[in-house]
Amino acid sequence: MTDTPHLWLRAECKPFEKRTALAPTICKELLDQGFKITVEKSPERIFDDSEYAALGLPLVEAGSWTSAPADAYIVALKELPDATTPLTHRHIMFGHCFKGQDGSAELLRRFQAGHGTLLDLEFLQDDRGTRVAAFGYYAGYAGAAMGLEAWAYRQLHGAAGTKALAHPKVDPFPNEQALIAHVKQLLAEAEQKTGMAPSLFVMGALGRCGRGACDFATAVGLPETAITRWDINETKKGGPFPEICDRAVFVNCIYLTQKIAPFLTFAELEAAGPNRSLSILVDVSCDPNNPNNPIPVYKEYSFFDQPVNYLPVNAAGCADLGVIAIDHLPTLLPREASESYGRQLLPTLIDLRSFGPVWKRAEQKFRDVTQAVLKA
Ligand SMILES: NC(=O)c1ccc[n+]([C@@H]2O[C@H](COP(=O)([O-])OP(=O)(O)OC[C@H]3O[C@@H](n4cnc5c(N)ncnc54)[C@H](O)[C@@H]3O)[C@@H](O)[C@H]2O)c1
């Protein structure tokens, strides 16, 4: 442990990933706390290298973390580049390897071989087990934006909303004002063409993602009467819920912990008939391959370069259902998502100076999982 931890901001290598764990404003606060920070250059990152240089931070080449000082914490959000080399440092990132995901054992073996440590961002939890930082708010915000955008696009280009469309690629937005302006414009054009305005059904509305989804709907001018907010109380009676078919866009934001009755199946879609309002489903929770998925109407993820998959609803005159199931939605707003995440993480990062209980638990989790996985 040291009073002046050294953070080495690794350049992300996942294609299209513009977010970062350490926005310049967060670096500034850490510098004020006496931290040492080295930044790998990155043309992809939403923050320009010059914003870090302006803070007096040393810029180094992308990928040079492999030769960082042994005591540096290597900080990033997403996976390491594919390799088999042993990992010697302490890495702070989303490892996606504690729940048996593909490639878990290989990654843990690399840490074991190099005596390195993974301090997984997903497992930085307070003493009540709550995550200290999460991207949820901007996932919901982006999910509602994508859903309303797809709804408007369908009104404008989808032969009165009944024809499957190839929805164009969506690129990240420089900031949330630009995203709001873009969606507002499309909604206005759709209303001018068809006289219709959308409505939104948010499931899990009291959670991080759910609040983000509702806030986006309000930001683009949906009146409160056009937003249905459901959470655990409203679903107590058990699904399915035909009410979902009465709203134009359904955004599912629940945190799934157990098997529950489905929220929506093809039976409700078919029963709603040709006058169904529901046009776009956005599954922010995005559990298509989970056997307990409460929306068992689709199996495929979608991606920003082809965001909407259209599913036929096999009943006379029924429109297809557009499905958005993107598992990295906050990437749509990399600036705000990075700032918000970094702000939540900051007190815990500062706590690296004493390697407090949050870090000790994360380290223990890594040791336990490594032992269990590599013994199996
Ligand atoms: N697609 C993405 O890019 C992305 C990004 C971040 C998070 N997520 C996922 O979004 C999900 C939600 O995350 P969060 O941070 O908002 O969680 P959260 O715990 O803050 O909120 C979840 C909400 O769901 C509600 N809920 C749970 N079960 C319910 C039920 N049966 N009926 C109605 N409401 C129910 C809870 O009461 C809570 O209000 C998680 O699965 C998370 O992994 C997806």
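Only heavy atoms go into these numbers, but all of them, side chains included; no hydrogens, no water, no symmetry mates. We count ligands from 1, going down the list as the structure has it; atoms in each ligand are counted the same way.
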Near ligand 1, which residues have a heavy atom under 4.0 Å away from one of its atoms?
-> Ala139, Gly204, Leu206, Gly207, Arg208, Cys209, Asp231, Ile232, Thr235, Cys253, Ile254, Tyr255, Ile260, Phe263, Val284, Ser285, Ile326, Asp327, His328, Leu329, Pro330
side-chain contact (heavy atoms from CB on, under 4.5 Å) between Leu329 and Val284, intermediate numbers included | CA-CA 8 Å; Leu329 281 166; Val284 176; 3.9 Å; yes
More than 12 heavy atoms from other groups under 6.0 Å of CG on Asp305 = yes
Are Arg45 and Tyr52 in a cation-pi contact, defined as NZ or CZ under 6.0 Å from the six-membered ring centre and within 45° of the axis?
-> yes
What class does the angle between the rings of His91 and Trp65 fall in, given that below 30° is parallel, 30 to 60° is tilted and above 60° is perpendicular?
-> perpendicular
Assign the ring pair His328 / Phe303 to parallel, tilted or perpendicular, where the plane angle (0 to 90°) is split at 30° and 60°.
-> tilted
Aromatic rings Phe94 and Tyr341: how do their planes relate, parallel, tilted or perpendicular, breaks at 30° and 60°?
-> tilted
